[in-house]
Amino acid sequence: MSALSPSVGEPQAVRQLLERDSGIIAGVEKLRFFPLAVIGGKGSHLIEAGGRALLDLSASWTAAGLGYGHPAIVEAVCAGIQNPAGGSGLSAISEAAVTFAEQLSADLQEVGGSNRRVYLGNSGTDANDVALRACRRATGRERIVAFKGGYHGGLGLAMGVSHIFAAAGVPADPNVTFLPYPDPWRPHTGDAGTVLDDVILRLRDELSRENVACVILEPIQSDGGMVIPPDGFLSLVADACHEKSVPLIVDEVKVGLGRTGYLHAFAHEGIAPDIITLGKTLGGGLPLSAAVGPAWILDHGTASSLLTSAGNPICAAAGLAVLSVVRRDGLAQRSRVLGERLRAALKTGIADQGLSDRVGSIRGRGLTIGIDLVKNGDLSTPDPELARKTVYRAWELGAVVFYVADNVLEITPPLVMTDDEMNEGVEILLTAIAEAETVSNEQIRQFSGW
Ligand SMILES: Cc1ncc(COP(=O)(O)O)c(C=O)c1O
């Protein structure tokens, strides 16, 4: 497939599916950026209604971390569904769920001490919700410390501690404190050199109040704008929490399982979180999440977090296949190498094609990459319109990419992406940024995005 295949507009098949969707699927679950209507997928590509292949540079917000139709997942799920050991983990033990949890725990020796438990859930939201509530119950304390720009879930308490929603006017949990996240590109102190010290000072101050049930953070803030914190952030937070015996939850729902170039993103600084939450990639496309942490927290309150289909053996089988493929195929290492190449190719292309006035920064770790779109090359003037038109133009050119924080393209392709696909992705992204103004306001009007 050529990167510069002619733009297709909206062919009949796409339009028909969109019309049916708008008449039946609830608006409350729609986060739409362009007319993406799909009927299948293979590897790093989605197949659009009408048959066009689209290179997926998002991996469905990383839910398809191993791409689409991965043979190991197909095999595991087919075997599981032919002879399912029940459909729920609530009141029955299944071999698949126990084996998966054992493997996940074995991969997380640094987390939660030696007596670990694994909560199995359906989505990143419930894994975070459960972890947060368990911390409150087990510590008898109420206050949660979270970070500005954070995203931990789209419902319940996980939503209540997600600053993205609070900033948009959704009432936050009454017992959450939001601290600034150390952002070297847009420093809240006005000086990149002081953000880290300031955040840690504020955190220590919060923790000294003795009423904190837990701290929750993203090791890279993705929906908040692909913010890579300065080195030292994770270890300084972990030390501060440890000194006050306050549990630290590291939310790796989006960036875990190889995506940052490490099997787990917290390994970048070698810290030992109390709890880690995982989702998205973990299920290989099926709904599966986990919270892994100490028994004194996750065993506290038997039958206090109940979802019927959580821990079901089919999703567990998919999860086990994902864990083994990530290890077997060295996908963390692959992500590190490919991510470096991708960032380098983007930087060269931006300079060569005279696009530096539109791109304030290209940053990332592994295959977790942000392209920060701005006016006049200046980070103090983000360009949301350019982001909206770029993702639309990219779709016309044959790729799927979304934006976060209004103006940052989030590049999180499947970890199995090939070198050729990467090159194709770079070509499409550069062309889309260059040609964004060919997209009319009318074309993007109905796609409100975030
Ligand atoms: C860091 C992080 N945590 C939690 C979630 C929520 O996961 P889910 O949408 O699977 O419930 C997301 C989703 O984008 C996320 O990025």
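Each residue takes its place number in the sequence, starting with 1. None of these values were measured; they are calculated from a predicted model. Counting convention: from 1, in listed order, for ligands and their atoms alike.
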Legend entry - Over-ring placement of R52 relative to W395, 6.0 Å and 45° cut-offs: yes

Legend entry - Carboxylate-amine/guanidinium contact E252 R259, below 4.0 Å: no

Inset, instruction - Answer yes or no: is there an ion pair linking R388 with E385, defined by an N-O contact shorter than 4.0 Å? - result: no

Inset, instruction - Output yes when R363 and D183 qualify as a salt bridge under the 4.0 Å nitrogen-oxygen rule, no when they do not. - result: no

Inset, instruction - Supply the atom-to-atom distance L282 CG to L323 CG, rounded to the nearest 0.5 angstrom. - result: 6.0 Å

Legend entry - Test log, rule side chain to side chain contact (heavy atoms under 4.5 Å, CB included), inputs D223 and S162: CA-CA 10 Å; D223 293 335; S162 295; over 6 Å; no

Legend entry - Protein residues that have a heavy atom under 4.0 Å from any atom of ligand 1, sorted by chain and number: S123, G124, T125, N128, Y151, H152, G153, E218, D223, D251, V253, K254, K280

